[in-house]
Amino acid sequence: MKIVVVGSINMDLVTHVHHLPKAGETISSHSFQLIPGGKGANQAVAAARLGAHVSMVGMVGADENGSILLSGMSDSKVHVEGVSRVGTTGMAFINVSDDGENNIVLVPGSNALVSVEHMEQNIALLEQSDVILLQLEIPLAVVLHVAKRATEMGKLVILNPAPACELPGELLSAVHTVTPNETELEILTGMPVTTLEEVQAAARKLLESGPKRAIVTMGEKGALLVTADKAAHIPAYPVEPVDTTAAGDSFTAAFAVGITKGMSEEEAASFASKVAALVVTKKGAQPSLPTIEEVEAHSF
């Protein structure tokens with residue numbers, strides 16, 4: 001089965017710091033890296049390394065960063081014929097603390113130029129796919145257009161609603177599966193998410209907008225898979241986190257891969273939890289993404 005990822009492609013500028021800076025605080029980093037990233041590209045590379053047939057649709061700049069990003073995706077066996085080059089490549093400024101937490105500032109660059117016209121030029125990729133992965137680092141109008149077109153074609157549409165914002169009902173009604181973390185779920189629903197019961201209630205509220213399935217990622221507390229008739233807690237695998245940057249991206253991608261391989265939704269979520277656990281034990285977004293062989297060989 002084929003997966004198409006429509007979304008952002010960034011160069012991550014990563015500073016490693018002892019603690020995340022507070023408002024108005026200036027601190028020094030103890031190391032710096034340029035790392036391929038972007039939520040769309042992260043999900044594409046994650047799925048490809050897990051053995052899926054993956055195509056990426058998006059934009060990078062006509063600059064050195066764009067060339068590096070295209071080469072990196074190709075090296076991971078992501079098909080990049082749906083990626084155009086225009087403007088300046090998007091960037092993400094990421095601070096990573098010694099305890100593995102992070103904050104991120106996005107500079108959209110070429111990602112802001114992704115258009116409905118660009119999607120229509122690559123409509124054959126959507127038609128040939130089985131699963132479409134979407135995020136929110138490209139214009140919302142484009143995400144909505146793709147979700148609607150993909151639903152009309154009978155494709156499985158998975159939305160990772162990050163960065164979180166208020167979403168139109170017509171988008172959520174065109175999405176089959178939504179994969180927010182706790183913070184994103186709170187923003188989407190306006191409901192508290194302090195306890196597992198509150199997370200479940202907020203997830204059910206989100207399902208009222210149209211999705212058939214919500215999978216809420218909760219870090220070391222695992223994930224909660226919620227449908228109209230059940231809620232299943234997916235335990236987290238015990239690890240010492242080093243960098244959580246691509247955890248959510250890898251979870252969403254791995255869940256999609258599991259579904260395309262014929263796993264049940266709970267099996268796919270557990271597989272995704274294992275992949276995400278491996279990811280947070282390494283630094284960087286795409287460099288931390290494991291191959292299927294690494295996942296299968298690792299036991300906790």
Side-chain angles (χ1 to χ4, degrees), residues 1-9 38-59 73 76-84 111 114-163 167-180 184 188 206-207 209-215 217 227 248-263 265 268-269 271-272:
M1 299 180 75
K2 295 181 179 180
I3 296 173
V4 169
V5 181
V6 178
S8 59
I9 309 168
K39 295 190 70 63
N42 290 346
Q43 291 178 19
V45 170
R49 289 184 184 170
L50 295 172
H53 181 288
V54 183
S55 295
M56 180 77 211
V57 182
M59 287 186 175
M73 286 189 288
S76 294
K77 297 183 169 33
V78 176
H79 299 268
V80 295
E81 62 268 27
V83 179
S84 295
N111 296 307
V114 178
S115 64
V116 169
E117 290 73 24
H118 180 63
M119 292 301 108
E120 288 300 315
Q121 291 167 6
N122 291 281
I123 199 67
L125 291 175
L126 299 184
E127 292 171 342
Q128 295 161 12
S129 69
D130 301 286
V131 179
I132 313 292
L133 294 186
L134 296 167
Q135 324 79 37
L136 301 175
E137 289 182 342
I138 60 173
L140 187 59
V142 179
V143 176
L144 174 59
H145 177 80
V146 173
K148 284 180 159 181
R149 292 283 268 145
T151 299
E152 290 167 359
M153 297 174 192
K155 311 301 182 183
L156 174 63
V157 181
I158 300 176
L159 172 66
N160 180 218
L167 297 178
E170 58 182 334
L171 172 57
L172 289 170
S173 64
V175 171
H176 182 277
T177 301
V178 61
T179 61
E184 292 153 1
L188 289 170
L206 186 59
L207 295 185
S209 300
K212 301 296 185 292
R213 176 169 56 208
I215 310 173
T217 56
T227 64
D249 294 332
S250 65
F251 186 99
T252 296
F255 179 80
V257 172
I259 292 296
T260 64
K261 289 186 174 183
M263 298 181 191
E265 57 187 7
F271 172 68

Interatomic spacing from [atom1] in [X] to [atom2] in [Y] - rounded to 0.5 Å:
{"X": "I215", "Y": "E265", "atom1": "CD1", "atom2": "CD", "value": "7.5 Å"}
{"X": "I3", "Y": "L50", "atom1": "CD1", "atom2": "CG", "value": "9.0 Å"}
{"X": "D130", "Y": "M1", "atom1": "CG", "atom2": "CE", "value": "3.5 Å"}
{"X": "T252", "Y": "Q135", "atom1": "OG1", "atom2": "CD", "value": "8.5 Å"}

(message) Just checking K77: does its NZ atom have more than 12 heavy atoms from other residues, nucleotides or ligands closer to it than 6.0 angstrom?
(response) no
(message) Using the rule side chain to side chain contact (heavy atoms under 4.5 Å, CB included), only one of N160, T177, L133, T217 pairs with F255; which is it?
(response) T177
(request) Apply salt bridge (charged side-chain N to carboxylate O under 4.0 Å, His left out) to K2 and list each qualifying residue two or more places apart in sequence or on a separate chain. (result) none
(request) With sequence neighbours excluded, tell me which residues meet salt bridge (charged side-chain N to carboxylate O under 4.0 Å, His left out) with E81. (result) none
Residue pair [X] / [Y], side-chain heavy-atom distance below 4.5 Å:
{"X": "V142", "Y": "M119", "answer": "yes"}
{"X": "I158", "Y": "H176", "answer": "no"}
{"X": "L140", "Y": "L167", "answer": "yes"}
{"X": "L125", "Y": "V6", "answer": "no"}
{"X": "V57", "Y": "H118", "answer": "yes"}
{"X": "V143", "Y": "I138", "answer": "yes"}
{"X": "R149", "Y": "V116", "answer": "no"}

(request) Would you name the heavy atoms of E137 and N111 that are closest together and state the gap between them? (result) O-CB, 3.6 Å
